[in-house]
Visitor: 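Have a look at this one before I ask anything.
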Amino acid sequence: MGSAGSEAAFLERNAAESLPAGALAALLEKASSEGRQLRVKLGLDPTAPDIHLGHTVVLQKLREFQDLSHRVVLIVGDYTARVGDPSGRSETRPTLSGEEIEANARTYESQAFGVLDPDASRYELRFNGEWLDMSMADLFRLAATTTVAQMLDREDFATRYAAGTPISILELLYPLMQGYDSVAIDADVEIGGTDQTFNLLLGREIQRAYGKPEQAVLTLPILPGIDGVEKMSKTKGNAIAVNDPPEEMYGRTMRLPDEAMDTWFELLAIEDPGGDPRERKRSLARSIIARFHGEGEAESAEEAFDRQFVDHEVPLEVEDVSVTVEGETAHLPAVLAEAFSISRSEARRLLGQGGVRVDGEVLDSEELDVPVSRLDGMVVQLGRRQFRRITAKTS
RNA sequence: GGGGGAGUGCCCGAGUGGUUAAAGGGGACUGGCUGUAAACCAGUUGGCUCUGCCUACGCAGGUUCGAAUCCUGCCUCCCCCA
């Protein structure tokens, strides 16, 4: 099985697991001998339209399949999203309207095309409402495929169950719906992070229950966020989104702990130049920006970074804000609160901690009322990395 | 249907009538050091017209000079029994 074997090895090289063993190679072989494409599935959550680096790890893998001329099927979980909050206890996830989901999906899609090949012969986008809007009878059939014991095999369910944390029936239904997606689109392969292992494998069970061939499962390691520990996610604030501005990408990458660099280089498939940690990280940052914004942007982001954090100068581009003042004196807490969208109390705290600068000079926390001329047209720095150019506007 | 337990600040988690804006930890933020890394040191982490005032311990009432702490109703969750 020569080439199919080496293709499998290539695809599996940076994967966490390829299950069951040998299945992927066998599928590639079969596809090649039958002259057909493999259908490679990825489900996505339409509540989070912005793609971050963590998503790109999986997308990159899909791209590799495409480059081997297989077909990627992205599934938008519009139906599951409309049902509402799956994890009963996480912050109320607003149920989205059809239009919002559609819009999110399109945003996601356009961002994903930064990595994926949009060619229609190798790409397909589907909404699972197409088949999940099923009758009770159909749901019964689906629900009968799996036992509670099987569900409790999943580690997070088992943990939560043991800890007495609520698990809604709806949540138990989610893996089933995801598995049914594989039935509906005849998935040959499904890809996901290692945290999806259970769901992906359950998809096999469900396919079998419906008399379909079982998909191969390829899991990829989870990319840690810029805290270097937790899974990258927007809500945890440790993500770098592919459409973040270059300067922000650069700065956020530089905050990555050294220990996480190896993982990032490997999972993002960026060449590691070696050398001292600082240079490696700078190179990592440039490569990330180059990938999503181009070489030129990478250069200028680095220059902006050096200017701001190595030379400690005010950035070239600073956001302008106009702030309302009364008369000739400005009340600092009020001005800062308005300019940076924080509370006045927080502004006072920052002032007291020496965290506010005007033109590089720390503001005296004793004087809360200053002449307007001291602020008007000046660049105010809050903490280490927030800058605003203030324009005073008399009310 | 019955019995028991629980709901505290961004998160976890102490506190069972008074000096509690609420211990401790985590996270986050600020300052120092530095490579916007790690480690470490110091501090902050409800709001405001800020040497004080207001609002807060699931929700709504009540008892009391005084409640997160006691009582009543409601909501939510967990466990056990049927």
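Below, chain A is the first sequence line, B the second, and so on; all start at residue 1. No experiment lies behind these values; they were computed from the predicted model shown.
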Visitor: Using a strict heavy-atom distance below 4.0 Å, which residues from residues 275-285 of chain A are in contact with RNA chain B?
Guide: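 Contacts with RNA chain B under 4.0 Å: A:Pro277, A:Arg278, A:Lys281.
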Visitor: For every nucleotide of nucleotides 39-47 of chain B, 5' to 3': is a protein heavy atom under 4.0 Å from its base (B), only from its sugar-phosphate (S), or from neither (-)?
Guide: ----BSS-S
Visitor: I need the CE-P distance between A:Met254 and B:rG35, as an integer number of Å.
Guide: 11 Å
Visitor: Using a cut-off of 6.0 Å, state whether more than 12 heavy atoms not belonging to A:Glu130 lie near its atom CD.
Guide: yes
Visitor: Rounded to whole Å, please give me the gap between CZ in A:Arg252 and P in B:rA28.
Guide: 11 Å
Visitor: Side chains of A:Gln66 and A:Asp117: donor-acceptor distance under 3.5 Å anywhere?
Guide: no
Visitor: Between residues 383-392 of chain A and RNA chain B, which residues have a heavy-atom gap below 4.0 Å?
Guide: A:Gly383, A:Arg384, A:Arg385
Visitor: Are OP1 or OP2 of B:rG31 and a side-chain N or O of A:Arg357 less than 4.0 angstrom apart?
Guide: yes
Visitor: What is the distance from CG of A:Leu351 to P of B:rG31, rounded to the nearest Å?
Guide: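 Nearest whole value for this atom pair: 12 Å.
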Visitor: Side chains of A:Gln196 and A:Gln178: donor-acceptor distance under 3.5 Å anywhere?
Guide: yes
Visitor: Are any side-chain N or O atoms of A:Asn128 and backbone N or O atoms of A:Asp181, one a donor and one an acceptor, separated by less than 3.5 Å?
Guide: no
Visitor: Do A:Leu350 and A:Phe340 have side chains that approach each other closer than 4.5 Å (heavy atoms only, starting at C-beta)?
Guide: no
Visitor: Can you check the A:Asp306 CG to B:rG35 P distance for me, whole Å?
Guide: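 Spelled out: CG on A:Asp306 to P on B:rG35 is 13 Å.
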Visitor: Between B:rG73 and B:rC80, how far apart are the two C1' atoms, rounded to whole Å?
Guide: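 About 26 Å, rounded to a whole number of Å.
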Visitor: Side-chain heavy atoms under 4.5 Å apart, restricted to Ile/Leu/Val/Met/Phe/Trp/Tyr: what other residues fall into the cluster of A:Phe387, or is it alone?
Guide: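 Members besides A:Phe387, by chain and number: A:Val314, A:Val318, A:Val379.
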Visitor: Could you work out the separation of B:rU72 and B:rG4 based on their P atoms and round it to a whole Å?
Guide: 13 Å
Visitor: With a 3.5 Å distance limit and no angle check, can you tell me whether A:Arg13 reaches the backbone of A:Phe10 through a side-chain donor-acceptor pair?
Guide: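 The answer is yes, because a donor-acceptor pair under 3.5 Å joins these two groups.
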Visitor: So, the side chain of A:Arg291 versus the backbone of A:Leu268: is there a donor-acceptor pair under 3.5 Å, distance only?
Guide: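 Checked: pair present.
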Visitor: Do A:Leu351 and A:Leu332 have side chains that get closer than 4.5 Å, going by heavy atoms?
Guide: yes
Visitor: Taking all non-hydrogen atoms of both residues, which atom of A:Ser121 and which atom of A:Arg71 are closest, and how far apart?
Guide: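 Looking at all heavy atoms of both residues, the closest pair is O-NH1, 3.2 Å.
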Visitor: So, are A:Lys393 and A:Glu338 salt-bridged, with charged N and O less than 4.0 Å apart?
Guide: no
Visitor: Would you mind telling me which residue lines up with the more 5' stretch of RNA chain B, A:Phe309 or A:Ile342, judged by nearest nucleotide?
Guide: A:Phe309
Visitor: Sticking with atom C1', work out how far B:rG66 lies from B:rU20, rounded to a whole angstrom.
Guide: 13 Å
Visitor: What's in the same ILVMFWY side-chain cluster as A:Val310, cut-off under 4.5 Å, chained through other members?
Guide: none
Visitor: Could you measure between the two C1' atoms, the one in B:rC33 and the one in B:rG43, and give it in whole Å?
Guide: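 Result for the C1' pair: 15 Å, nearest Å.
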Visitor: Output the rounded distance in Å from CG (A:Leu363) to P (B:rG31).
Guide: 12 Å
Visitor: Say you draw a straight line from CD1 of A:Ile75 to NZ of A:Lys41; how long is it, rounded to the nearest 0.5 Å?
Guide: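 NZ of A:Lys41 is found 5.0 Å from CD1 of A:Ile75.
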Visitor: Rounded to the nearest 0.5 Å, how far does CD of A:Gln381 lie from CG of A:Leu363?
Guide: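 That separation rounds to 10.5 Å.
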Visitor: Expressed as a whole number of Å, how far does the C1' atom of B:rA68 sit from that of B:rG46?
Guide: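 Their C1' atoms lie roughly 16 Å apart.
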Visitor: If I pick the C1' atom on B:rA56 and the same atom on B:rA37, what distance separates them, to the nearest angstrom?
Guide: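 Those two atoms are separated by 39 Å.
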Visitor: In whole Å, measure the gap between the P atoms of B:rC29 and B:rA38 for me.
Guide: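 The answer is 11 Å between these two P atoms.
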Visitor: So which one's nearest nucleotide on RNA chain B is more toward 5', A:Glu248 or A:Val356?
Guide: A:Val356
Visitor: Checking A:Leu53 against A:Phe292 for the side chain to side chain contact (heavy atoms under 4.5 Å, CB included) test, could you report, in this order, the C-alpha distance in whole Å, the side-chain angles of both residues, the deciding distance, and whether it holds?
Guide: CA-CA 10 Å; A:Leu53 294 183; A:Phe292 299 105; 3.5 Å; yes
Visitor: When the distance from CZ of A:Arg348 to C1' of B:rG52 is rounded to whole Å, what number comes out?
Guide: 12 Å
Visitor: Check RNA chain B for consecutive Watson-Crick or G-U pairs with both distances under 3.5 Å and list the runs of at least three as stems.
Guide: B:1-7 with B:75-81, B:10-12 with B:24-26, B:27-32 with B:40-45, B:46-48 with B:52-54, B:58-62 with B:70-74
Visitor: Check the distance between B:rC29's C1' and A:Gln381's CD and give it to me in whole angstrom.
Guide: 14 Å
Visitor: Between B:rU19 and B:rU30, how many Å separate the two P atoms, rounded to a whole number?
Guide: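 Their P atoms lie roughly 34 Å apart.
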